Amino acid sequence: MNAPSPEVDVFISNYTIVDPDVYHLWVNGYSASEAVSILKQYGILEEMGTTLDLVASDILDHYRTYSLLEKIIHYPTKLDQQLAFQIEPQTKHILVEKYYEIDDIVVREFLGKKLSSKHRKDLDEVSEKTSIAIKSCRRQFDNVKRVFKAVEELQGSVIQNISSIFLLSEDLAKKYGVIVFIACMRFETSKRKLQMLTFPDFYEPTLCIMNKWTYPKSSPEFGDTDLDREFLLELREVRVLLDKEKDHKHIVCQKLKPEFLEKTYNSMEVNFRLLSRAIIGIAYNLHHNRDLRGFFLEVVERIIDPWRILGWIKVDVMNFLKVYVNCAIELDVFQDAEVKKAWERYMDVITTSVKQLY
């Protein structure tokens, strides 16, 4: 009688290894030979106790793997569906987060422009201007375009949509959300007076607009890229402040006199009407698409530039805005609660914008 055959369980593990340093160089557009030279300069031969040929061979293997993975990373949720690569959750996070990482100086060049094939051809100029490798510029352009197409017409939070579709961290999803929002709103970002502004300069004010000027989160039929049209129309009513301009000025001056230097106080007293009417004027016209698209330019030209000419320091500007907003509410000029709420929503964005851009 033959003895029973022993049962044997076989398990083969073939987890894909991602070297963070090599992946970083690949994502940033360096060739394999460039990566070898860079790592050699970092002392990898001494650290690993190996030869240059072995390092070069290893990097080539990594580069081949990353190139095969790239099409899957374009749609990160497919990483869990594919069977070709066994990838640990932590490694998946590194692959996706690093691939979708953006350089502020590069994406600044995309703001206010259509994400078309024509502009993709101009990336040589972007690469030269920013000193970022052309491959990296193309990756970032294609990523922004891919994210934009995926979420532009979806309802709900654009940031949450980006995070769930592309598995990005909250911070990175917010950056893409701001880029998508600026593109959807077609904000003017390229005029000469705005060219000195960086992506971070647009980031905080745009996030504030997304939080304060879009429909409430209780309205799921709208998304973060839908501005609250009722709110924009309500803003026209803040013109009632002009009827109480003398009273408004009196209270503001009274409260700020102890805090301001005499020179600043005098310039505020003389120029209050100019400053106040600029703020109210922008609010009154925001329901027009053309004026809305020019919001950042309006803030710089009509609000910030006069203060710069007057020589105000930032702390005085911020103190003025705080007192200016609160005194308007104290006047009880906004009889309608919705108008008062619209004023506060509007001034939250103006204050954030001035704070960032001044």
Side-chain angles (χ1 to χ4, degrees), residues 193 204-205 208-209 211-214 216 227-288 290-292 294-358:
K193 281 227 171 155
E204 290 296 341
C208 195
I209 291 172
N211 288 327
K212 298 292 182 178
W213 291 4
T214 54
L227 285 189
D228 186 341
R229 287 287 158 181
E230 287 81 3
F231 155 71
L232 294 178
L233 289 170
E234 201 79 61
L235 275 180
R236 293 182 301 172
E237 302 303 319
V238 303
R239 283 193 74 186
V240 296
L241 257 180
L242 299 178
D243 299 332
K244 295 283 187 177
E245 190 174 274
K246 287 184 179 178
D247 296 332
H248 193 193
K249 175 182 175 180
H250 175 72
I251 301 175
V252 171
C253 288
Q254 198 175 39
K255 292 201 173 184
L256 287 175
K257 190 170 186 177
E259 297 185 35
F260 279 7
L261 294 173
E262 186 178 354
K263 181 184 175 183
T264 306
Y265 177 80
N266 290 338
S267 74
M268 175 183 65
E269 212 175 19
V270 172
N271 294 285
F272 183 89
R273 184 177 188 181
L274 170 72
L275 299 170
S276 181
R277 294 201 168 199
I279 292 169
I280 295 167
I282 293 173
Y284 184 81
N285 291 308
L286 272 180
H287 65 286
H288 296 303
R290 184 187 64 187
D291 292 276
L292 182 61
F295 172 73
F296 290 109
L297 187 62
E298 290 277 284
V299 169
V300 169
E301 288 187 338
R302 299 182 63 184
I303 299 178
I304 291 176
D305 280 354
W307 267 320
R308 283 182 176 148
I309 292 167
L310 293 171
W312 284 36
I313 59 172
K314 188 172 183 176
V315 66
D316 288 337
V317 169
M318 301 315 297
N319 279 340
F320 173 85
L321 283 173
K322 181 180 177 182
V323 172
Y324 176 81
V325 174
N326 292 335
C327 287
I329 295 168
E330 283 178 28
L331 279 171
D332 204 23
V333 70
F334 303 127
Q335 299 296 326
D336 188 325
E338 288 303 311
V339 178
K340 177 187 172 185
K341 186 179 176 183
W343 168 250
E344 291 174 323
R345 287 172 71 182
Y346 169 69
M347 288 307 300
D348 279 344
V349 171
I350 291 294
T351 302
T352 298
S353 300
V354 172
K355 183 179 180 180
Q356 182 64 44
L357 304 180
Y358 195 74

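One-based numbering along the sequence shown. Quantities reported herein were computed from a predicted structural model and do not represent experimental measurements.
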[atom2] on [Y] to [atom1] on [X], rounded to 0.5 Å:
X	Y	atom1	atom2	value
Lys314	Ile304	NZ	CD1	9.0 Å
Leu357	Glu204	CG	CD	11.0 Å
Leu242	Tyr284	CG	OH	10.5 Å
His250	Lys246	NE2	NZ	13.0 Å
Leu275	Ile280	CG	CD1	11.0 Å
Ile350	Glu298	CD1	CD	10.0 Å

Inset, instruction - Could you label the plane-to-plane angle of the Trp343 and Phe334 rings as parallel, tilted or perpendicular, counting under 30° as parallel and over 60° as perpendicular? - result: tilted

Is the [atom1] atom of [X] crowded by more than 12 outside heavy atoms at less than 6.0 Å?
X	atom1	value
Lys193	NZ	yes
Arg273	CZ	no
Lys341	NZ	no

What are the two closest non-hydrogen atoms of [X] and [Y], and how far apart are they?
X	Y	answer
Arg345	Thr214	NH2-O, 3.2 Å
Gln335	Asp332	NE2-O, 2.9 Å
Leu286	Asp291	CD2-O, 4.3 Å
Glu234	Asp336	OE2-OD2, 4.5 Å
Val333	Ala328	CG1-O, 3.8 Å
Leu256	Val323	CD2-CG2, 3.6 Å

Legend entry - N-O pairing of Glu245 and Arg277 below 4.0 Å: yes

Inset, instruction - May I ask you to say whether Glu330 pairs ionically with Lys255, meaning some side-chain N is under 4.0 Å from a carboxylate O? - result: yes

Is any side-chain heavy atom of [X] less than 4.5 Å from a side-chain heavy atom of [Y]?
X	Y	result
Arg302	Val299	no
Lys249	Glu269	yes
Val354	Leu321	yes
Asp305	Val300	yes
Glu259	Tyr265	no
Tyr358	Ser353	no

Taking [Y]'s backbone N and O only, do any of them form a donor-acceptor pair with [X]'s side chain (distance below 3.5 Å, no angle check)?
X	Y	value
Thr264	Phe260	no
Tyr346	Ile279	yes
Thr352	Asp348	yes
Lys340	Ile329	no
Asn271	Ser267	yes

Inset, instruction - Could you please spell out the steps behind the side-chain contact (heavy atoms from CB on, under 4.5 Å) verdict for Leu233 and Arg236? - result: CA-CA 6 Å; Leu233 289 170; Arg236 293 182 301 172; 3.9 Å; yes

Inset, instruction - Evaluate side-chain contact (heavy atoms from CB on, under 4.5 Å) for His287 paired with Leu235, printing each intermediate quantity in order. - result: CA-CA 8 Å; His287 65 286; Leu235 275 180; over 6 Å; no

Legend entry - Step-by-step side-chain contact (heavy atoms from CB on, under 4.5 Å) determination, Leu227 to Ile209: CA-CA 9 Å; Leu227 285 189; Ile209 291 172; 4.1 Å; yes

Inset, instruction - Measure from the ring center of Phe320 to the ring center of Trp307 and say whether it is less than 6.0 Å. - result: yes

Inset, instruction - Please test Lys212 against Phe231 for side-chain contact (heavy atoms from CB on, under 4.5 Å), starting from the C-alpha separation and ending with a verdict. - result: CA-CA 10 Å; Lys212 298 292 182 178; Phe231 155 71; over 6 Å; no

